[in-house]
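Here's the structure, in structure tokens; my notes come after.
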Amino acid sequence: MEYCVTTKKDDSWYIGTDHFDLFKDDKTEAIMFQGNGYLGIRATAEERNLNERRNMFVAGTFDAFNDEVTELPNLPDLLNMGIQINQQIFSLSMGLIENYHKHLNLKNGELIRSFDWLINGNRISFKFSRFVSMSDVHLLVSKLEISSDQSDLKITLNSGIDGQYSNSGTQHLVEGDKRLFEGKILQLQEKTQQSNIGLAFNVLQKAYINKEQLDVKPNIDMGRRQIFDEYNVDLNKGDKFTFVKYANVYTTIDKDIEHETISVASMDAIKKSSMMTYKELLDKSTNAWNINVWQRSLISIDSDDVDPQVAINFARYQLAANTPKDPRMNIAAKGLTGEGYKGHTFWDTEIYMLPYFTFTMPEMARNLLEYRYLGLDGARRKARDNDYWGAQFPWESAWSTDGEMTPPWGSADIVTGKPMRILSGSLEQHITSDVVIAVMQYLAITEDQKFAEDMGYEIILDAAKFWASRLDWDPEYHKFMIDDVIGPDEYKEHIDNNAFTNYTAFWCIQKAIAVVELLRNSNSEIYDRLNSKLHLDDAYQDWISKVDLIFLPKPNKSEVIPEDDSYLQKKIVDTNQYQSDGGHAKIFKDYNIQQINDLQVTKQADVLLLIFLFDDLFGDDIKLANWNYYEPKTTHDSSLSFSTHSILASDLNLADTAYEYFEKACEIDLGSGVGKSVQGLHMASIGGIWNMVVEGFGGVRVLDGQLRIEPHLPSKWNSLHFEINWHQSLLKIDVYKDTFQISVLGDAITFVNHNELYHVAANSKIVIPISVEVNVED
Ligand code: BGC
């Protein structure tokens, strides 16, 4: 694999770089992002640079501007340090840099940058270290160390809170109070201009020479939206200057505030934090990473190449750093790592990231699904506005209750030069099924009956009501069609009977029928409650009368399932030249979206995603025929595409192809192309890394509520080891070349392997031979 960062053979938690490249720095900022799900900051330098994006976001603080949809505001910069040495402004663009190292420790999120700065005949050593705390989500701590063995230094340091940032020019924050408290705490208060969310930022800083804390009173410098301490320090040759910056952020939507105001709460907190050293606070945070993340999602790859393990560590790190624990918020398509997609949540969570959480940290998965439950009112509003019933989930969503947030306009059309209408908000309706797919998967894996009764059933039932009202009766064919949609393949707009949409709508209605029957038979109390809220007696009749008349695109003579009614009649072009290299979609250089609509070109897995998710509905011949048909026509212009292809190729025993797609998926963000990661990481693709390893190579799947395990160990790996939760048990799965072993901790389980049902008794093990035919590849 070719990564944009260096890795170390003996340390799979290390990603780093040994030279400063201004051109690529904005990508490294995204890759080495630090966060804890509550807040996130990019790995920008402390001093300002050209080609940087100084971004800090706090999950859920959405704000709108004029008529625009809401977005996460870019918050004041708490990391800045303006440094002058002997009256020379410190910048990596001046003088010479030697021994440059920047690396992120994925194990505890500590970022370290060190180098020697050669300027005016001096060699000055710098080391910057920092982390966002996992144990106190409001806190970030940074440390600067400066020394020179060659001469005395006169250091001037300006450091504090800088609120002069915006979202690419849009300023969401109104300046509030700005003060120095108790001679040492810098505080800036702001609020979002439309959603009225209050924010308090605090900084408390300490300076040391060698181990001795300096008793200096810094000058205070207050500008518009800024408050800084200025330190002037004389440092003798051979001594070390150390500066520690404690910073925090609190908001009025936080649930964990005990004080009356966030101003007081945040100030108290920063005082408490500053009583501990950088190292003590880092140790606490490291411990929280171990307990909350690493001990919960064990996975190790034994291979001569460390990069696959780095990828899986990177994926778990970013998933933890970008996932809010508060159910009123969800994971954004780009997490908290950049302005791209405005902090909005898509189906990316349900289809690409939830499997990881459901299998390893069910309580996190539950929060992410509760977000959809809280979003039911917005989804009902959307359905009503479109003259449908039930709940139509938003394609893009932000604050849980706000409903549809897809912006109406996108970038310019290459042919007309005019902005393109974004239709996914109204036409990409499969999101409603995707939510149900995730709920069903969560219920199958966890058996969380309380969630089902409190929230899950209601989501399933209201989604089915939407689909039943969405169906279009075709008297000629005597079938219900679903006309005028966009499927997962966003290169096909206004199409009829997208296979993914129709099959999943049909499946949702089937599941809702089953839920009604189950509740009527076994839980009349819950049934009555839901019936009076959702009029289930009528809905059930409606579903029964419609479900078997829903048109499901069937495989044609060549076993190919038509992606939609017209796809197979469209012109075929050579898509080789348009295959994604992780940058901008190349096909748009030659065609606009209307023209692509008329070609057999697919943006991302669509029919193939259907086959992957509903594996049990389609036989092996159909799987292979569709793979052979659609794979060459797919450009993978969405980063969501590679992981599905890798898993499906594993299922089809196309071992080399599966591994090639695995590598491509890992390279989406970690790869050397500058690409789109600059605007933020691709969280669905990152979730896909775990999916490829566990669901693809590990062969784990939940099909119709049943666990199936059929591993396909890549030839480059010696073994693979991971843990997943299944019902009330923890399964430890060890995959070797010829066998795999499942050790059950907890209750007995059953699983399927190559159509055979296996039982494993409580707290025992089973070893099964791996018999895989490898399909010969060209
Ligand atoms: C993809 C969508 C995805 C969105 C956000 C688009 O390019 O086509 O499937 O949900 O990006 O990641």
Side-chain angles (χ1 to χ4, degrees), residues 30 69 71-72 315 318-319 322-323 330-354 368 372 393-398 404-407 410-411 420-435 437-438 485-493 495 498 500-501 504 563 578-588 593 596-597 601-610 612-613 630 633-645 665 668-669 675-689 691:
V69 294
E71 67 181 327
L72 281 184
Q318 294 295 356
L319 285 163
N322 284 289
T323 304
N330 204 286
I331 317 171
K334 300 211 173 283
L336 299 166
T337 69
E339 274 186 38
Y341 286 131
K342 299 177 182 295
H344 292 178
T345 293
F346 296 66
W347 69 318
D348 303 33
T349 299
E350 279 76 16
I351 301 297
Y352 295 88
M353 293 181 255
L354 261 162
L368 293 164
R372 292 299 186 181
F393 282 99
W395 175 246
E396 289 187 32
S397 60
E404 185 57 65
M405 281 294 147
T406 306
S411 54
M420 289 190 278
R421 193 92 173 84
I422 301 180
L423 295 171
S424 40
S426 50
L427 300 186
E428 201 156 352
Q429 296 167 2
H430 62 85
I431 174 76
T432 296
S433 305
D434 306 327
V435 172
I437 291 171
V485 295
I486 298 178
D489 171 11
E490 293 180 338
Y491 285 170
K492 299 288 161 281
E493 295 181 336
I495 42 132
N498 165 256
F500 185 91
T501 308
T504 60
E563 190 181 293
Y578 301 125
Q579 295 282 332
S580 171
D581 58 4
H584 296 288
K586 291 188 217 154
I587 195 159
F588 282 103
I593 187 73
I596 300 171
N597 225 353
V601 172
T602 296
K603 181 181 180 187
Q604 65 202 88
D606 186 303
V607 171
L608 295 185
L609 181 66
L610 174 71
F612 154 61
L613 290 172
Y630 288 108
K633 297 179 178 61
T634 306
T635 58
H636 310 289
D637 286 331
S638 160
S639 64
L640 278 56
S641 196
F642 289 144
S643 62
T644 308
H645 279 77
I668 290 265
D669 288 309
K676 292 190 252 172
S677 309
V678 168
Q679 290 170 23
L681 300 177
H682 301 81
M683 293 306 299
S685 167
I686 285 172
I689 295 177
N691 301 343

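Position 1 is the first residue of the sequence, and the numbers go up from there. Just so you know, ligand 1 is whichever comes first in the structure, and atom 1 is the first atom listed for that ligand.
Looking only at heavy atoms of the protein, atom 7 (O) of ligand 1 is closest to K603 NZ, 2.9 Å. Atom 6 (C) of ligand 1 has as its closest protein heavy atom Y341 OH, 3.4 Å. Atom 2 (C) of ligand 1 has its closest protein heavy atom at E490 OE2, 3.6 Å. Atom 3 (C) of ligand 1 has D348 OD1, 3.5 Å as its closest protein atom, hydrogens excluded (heavy atom only).
Only the side chain of L640 comes within contact range of ligand 1, with a heavy atom under 4.0 Å; no backbone atom does. No part of Y352 comes within 4.0 Å of ligand 1, judged by heavy-atom distances.
Side-chain atoms of N322 do not come within 3.5 Å of backbone N or O of K334 as any donor-acceptor pair. Checking side-chain atoms of Q429 against main-chain N and O of G487 turns up no donor-acceptor pair under 3.5 Å.
Heavy-atom proximity to Q604, at under 4.0 Å, picks out these atoms of ligand 1: 1 (C), 8 (O), 9 (O). Taking every heavy atom of W347 and a limit of under 4.0 angstrom, the matching atoms of ligand 1 come to 2 (C), 3 (C), 9 (O), 10 (O). Close approach to W395 involves these atoms of ligand 1, each under 4.0 Å from a residue heavy atom: 10 (O). Taking every non-hydrogen atom of S638 and a distance limit under 4.0 Å, the qualifying atoms of ligand 1 come out as 1 (C), 8 (O).
A distance of 10.0 Å separates OG of S685 from CG of N691, quoted to the nearest 0.5 Å.
Side chains of E490 and S424: no donor on one and acceptor on the other come within 3.5 Å. Between the side chains of S433 and T504, a donor-acceptor pair is found at a separation under 3.5 Å. Judged purely by distance below 3.5 Å, without hydrogens or angles, the side chains of N330 and T349 pair a donor atom with an acceptor atom. Under the 3.5 Å distance criterion, with hydrogens and angles disregarded, a donor-acceptor pair is assigned to the side chains of H636 and S641.
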